[in-house]
Amino acid sequence: MVNTFPKENKLCGQLRITQLYKDGKRFTAWPLRVTYQETEENTQILVWAPKSLFKRAVKRNYLRRLMREAYRLHQDMLGDKHCLIAFNYMDKDVQPFAVIEKAICKALKKITEN
RNA sequence: AGAGUAGGCCGGUCUAUCGCGCACGGGAGUGUGAGGAAAGUCCGGGCAGCACAGAGCACCACAGCGGUUAACGGCCGUCAGGCAGCAAUGUUUGGUCCCUGCUACAGAGACGAGUCGCUUGCACUAAGGCUAGUGCGAAGCGGGUGAAACGAGCACACGGUGGGCUGCAAUUCCAAGUAUACCGACGUUUGAGCGUUGCUCGCGCGAGUUGGAGGGUAGGAAGCGUUAGAUUAAUGAUAGACGCCAUGGAACGUUUAACGUUUAAUGUUUAGUGGUACAGAACCCGGCUUAUAGGCUUGCUCUUUCC
């Protein structure tokens with residue numbers, strides 16, 4: 001069981017991000033919208049809370065931390081798969097950790113089944 | 001004690017489990033890691049690039065007086081007037097009237113020393129006793145009005161002082177990659193265009209400039225060292241306990257009034273419940289403005305009680 005989340009697991013680079021949003025498969029797990037794509041390399045994720053929904057930087061930081069933390073605790077659900085995943089926060093209100101954790105679990109389960 | 005007023009300060013703590021950025025280290029690991037506003041980006045400076053040949057006209061900012069400062073439009077002290085308050089205090093205004101413009105209503109007239117009315121002189125006409133009308137000239141007065149009537153107030157006016165422009169997405173370096181093939185406009189001493197602050201003049205450079213359409217890239221380092229420092233951007237999540245505030249059940253105590261139990265006020269202890277804000281560094285400082293649960297503290301003013 002791995003619980004760490006070092007920098008190698010963060011998705012960086014504008015080209016790769018654009019590529020993921022262009023070619024990845026999408027589904028919704030409220031309050032998240034998930035875009036993912038299988039890959040040969042390491043699993044990398046990004047989390048996103050849009051500025052248009054949350055004007056204050058504090059709220060965006062908080063949501064990013066919650067999503068990142070939820071992924072970190074449940075990343076072993078992916079098993080042997082290697083994917084690029086993007087989590088976009090969609091709801092207008094700030095949801096508590098339990099709700100986001102549930103959504104992340106649901107999303108990871110769906111990716112594994114496919 | 002209560003009410004008010006002006007400042008200053010703090011703005012959660014601990015434990016467990018799992019984590020993140022940076023520095024050092026071969027490794028284990030060790031050290032370190034958001035704020036009073038980090039926010040808004042409103043001023044001023046450092047710093048960076050470009051320019052430095054000037055003149056005129058615009059434009060922006062400032063505003064009693066003195067001090068402080070690297071600098072400021074900030075801050076401190078103080079003077080005068082208006083407004084609010086019993087007071088402490090708060091708030092607001094502050095150069096000048098030479099030129100330009102404005103001053104409602106009322107008033108003959110409000111910025112043209114010229115008109116109007118009355119009195120008065122002369123001429124003409126009607127009448128011819130008083131008088132009335134018209135024209136010209138001069139002098140004097142101004143009933144009442146109004147905030148103000150040759151003397152004021154005000155700013156959009158004038159004068160004074162200051163301001164070269166752009167901003168860390170500045171700027172420098174490294175790496176990777178490409179194409180000026182095509183169409184049009186203007187131009188090469190009859191000077192396009194560029195720079196010089198926005199415009200005009202002037203000055204300098206000057207053989208290419210520009211619109212369309214297309215091609216490539218969008219990575220990294222320095223800037224950012226001063227005890228945070230990234231570039232999908234760290235400083236956290238979960239659980240529990242405590243602290244603080246509000247509310248209030250219960251128990252105990254004190255005082256008061258009726259009187260062996262209640263009423264009213266108040267203090268201490270402790271369950272429970274609710275709340276615990278505003279907000280997140282991206283070059284750095286000095287200010288301003290705005291947001292903020294709750295708490296601590298100092299000065300002053302007023303009211304009431306006791307000594």
Side-chain angles (χ1 to χ4, degrees):
Chain A
M1 177 153 172
V2 186
N3 279 338
T4 59
F5 184 66
K7 200 170 176 181
E8 295 80 58
N9 288 12
K10 290 180 192 168
L11 179 55
C12 307
Q14 193 172 351
L15 279 179
R16 306 176 62 200
I17 293 170
T18 312
Q19 191 73 17
L20 170 61
Y21 276 110
K22 196 179 167 190
D23 299 337
K25 303 172 187 172
R26 298 174 196 182
F27 61 92
T28 304
W30 184 89
L32 306 174
R33 184 168 57 201
V34 184
T35 309
Y36 74 101
Q37 188 180 23
E38 293 198 37
T39 179
E40 303 280 315
E41 304 163 5
N42 288 335
T43 295
Q44 293 188 322
I45 72 152
L46 73 86
V47 293
W48 187 279
K51 196 172 184 177
S52 54
L53 292 180
F54 301 97
K55 205 179 168 190
R56 295 291 172 200
V58 173
K59 291 183 181 174
R60 295 198 302 271
N61 281 349
Y62 181 70
L63 287 170
R64 276 208 301 271
R65 285 165 181 162
L66 288 186
M67 288 188 278
R68 206 180 60 205
E69 189 72 11
Y71 169 77
R72 183 179 69 79
L73 292 173
H74 299 284
Q75 58 184 311
D76 52 311
M77 287 176 65
L78 276 176
D80 298 332
K81 277 200 167 188
H82 294 293
C83 301
L84 304 178
I85 314 175
F87 296 101
N88 284 40
Y89 195 86
M90 296 167 64
D91 204 64
K92 279 184 294 184
D93 302 315
V94 177
Q95 300 291 340
F97 178 73
V99 174
I100 293 176
E101 190 179 25
K102 213 169 166 182
I104 294 273
C105 287
K106 194 175 159 192
L108 292 179
K109 199 172 172 187
K110 192 161 182 180
I111 291 175
T112 311
E113 285 169 357
N114 288 351

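Throughout, a chain's letter reflects where its sequence line sits, starting with A, and its residues are numbered from 1.
Ranking B:C18, B:G280, B:U232 by closeness to the A:Arg56 side chain, first place goes to B:G280. Nearest nucleotide to the side chain of A:Leu46, out of B:G280, B:U232, B:A237: B:U232. Nearest nucleotide to the A:Val58 side chain, out of B:A237, B:A234, B:A279: B:A279.
The gap from the C1' atom of B:G163 to that of B:G198 amounts to 14 Å, rounded to the nearest Å. Between B:G54 and B:U196, the two P atoms lie 13 Å apart (nearest whole Å). When the C1' atom is compared between B:G214 and B:C183, the two are found 12 Å apart, to the nearest whole Å. Taking atom P on both B:A61 and B:G66, the two are 25 Å apart, rounded to the nearest angstrom. Nucleotides B:C300 and B:U89 place their P atoms 11 Å apart, quoted to the nearest Å. Look at the P atom in both B:C285 and B:A228: the space between them is 11 Å, to the nearest Å. B:G137 and B:G121 are spaced 8 Å apart, taking the C1' atom of each and rounding to whole Å. Across the C1' atoms, B:C224 and B:C47 are found 12 Å apart, a figure rounded to whole Å.
Aromatic ring orientation, A:Tyr71 versus A:Phe87: tilted (interplanar angle from 30° to 60°).
Remark: A:Val58 engages no residue in a side-chain contact (heavy atoms from CB on, under 4.5 Å) (not counting sequence neighbours). Here A:Tyr89 pairs with nothing under the side chain to side chain donor-acceptor pair (under 3.5 Å) rule; sequence neighbours left out.
Figure legend. B:G74 is base-paired to B:U68; pairs are counted as Watson-Crick or G-U wobble with both atom distances under 3.5 Å. The partner of B:G2 is B:C302, by the rule that a Watson-Crick or G-U pair needs both atom distances under 3.5 Å. In this structure, B:U89 and B:A84 make a Watson-Crick or G-U wobble pair, each of the two defining distances being under 3.5 angstrom. Nucleotide B:C194 forms a Watson-Crick or G-U wobble pair with B:G204, both donor-acceptor distances falling under 3.5 Å. In this structure, B:U103 forms a base pair with B:A152, meeting either the Watson-Crick or the G-U wobble geometry with both donor-acceptor distances under 3.5 Å. In this structure, B:A277 forms no base pair with any nucleotide, since neither Watson-Crick nor G-U wobble geometry is met with both distances under 3.5 Å. Remark: B:G31 base-pairs with B:C22. Criterion, Watson-Crick or G-U wobble with two distances under 3.5 Å. Of the nucleotides present, B:U119 is the one that pairs with B:A139 by Watson-Crick or G-U wobble criteria, both distances under 3.5 Å.
No engagement by A:Arg60 is indicated, since no non-hydrogen atom pair under 4.0 Å with the nucleic acid exists.
A distance of 12.0 Å separates CZ of A:Arg33 from CZ of A:Phe27, quoted to the nearest 0.5 Å.
Both A:Lys55 and A:Pro96 sit near RNA chain B, but only A:Pro96 has its closest nucleotide nearer the 5' end. Each of A:Lys59 and A:Val47 lies near RNA chain B, and the nucleotide nearest A:Val47 is the one positioned closer to the 5' end.
One donor-acceptor pair, N or O on each side, does fall under 3.5 Å between the base of B:C18 and the side chain of A:Arg72.
Rounded to whole angstrom, the span from the OH atom of A:Tyr89 across to the C1' atom of B:U232 amounts to 19 Å. Between the CG atom of A:Asn61 and the C1' atom of B:G35 there is a distance of 14 Å, given to the nearest Å. At whole-Å resolution of the value, CE in A:Met67 and P in B:U238 are 14 Å apart. Here B:U235 presents its C1' atom at 16 Å from OH of A:Tyr62, a figure rounded to the nearest Å. Across the protein-nucleic acid pair, A:Trp48 atom CH2 and B:U231 atom C1' stand 13 Å apart, rounded to whole Å. A straight line from CG of A:Leu66 to P of B:U238 spans 6 Å, rounded to a whole angstrom. Atom CD1 of A:Ile100 is separated from atom C1' of B:G236 by 14 Å (rounded to the nearest Å). Between the C1' atom of B:U238 and the CZ atom of A:Arg65 lies a distance of 15 Å, rounded to the nearest Å.
Here B:G36 is in the syn range [glycosidic angle within 90° of 0]. With its glycosidic angle more than 90° from 0, B:U13 is assigned anti. Glycosidic conformation of B:A34: syn, with the torsion inside 90° of 0.
The closest side-chain heavy-atom distance from A:Leu66 to A:Val47 is not below 4.5 Å.
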Open item on the list: Checking A:Lys110 against A:Glu113 for the salt bridge (charged side-chain N to carboxylate O under 4.0 Å, His left out) test, could you report, in this order, the C-alpha distance in whole Å, the side-chain angles of both residues, the deciding distance, and whether it holds?
Closed with: CA-CA 5 Å; A:Lys110 192 161 182 180; A:Glu113 285 169 357; over 6 Å; no
Task: Verdict with supporting geometry, A:Tyr36 and A:Ile45, side chain to side chain contact (heavy atoms under 4.5 Å, CB included) - done: CA-CA 9 Å; A:Tyr36 74 101; A:Ile45 72 152; over 6 Å; no
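In terms of heavy atoms, A:Leu53 sits closest to A:Met90 at CD1-O, 3.3 Å.
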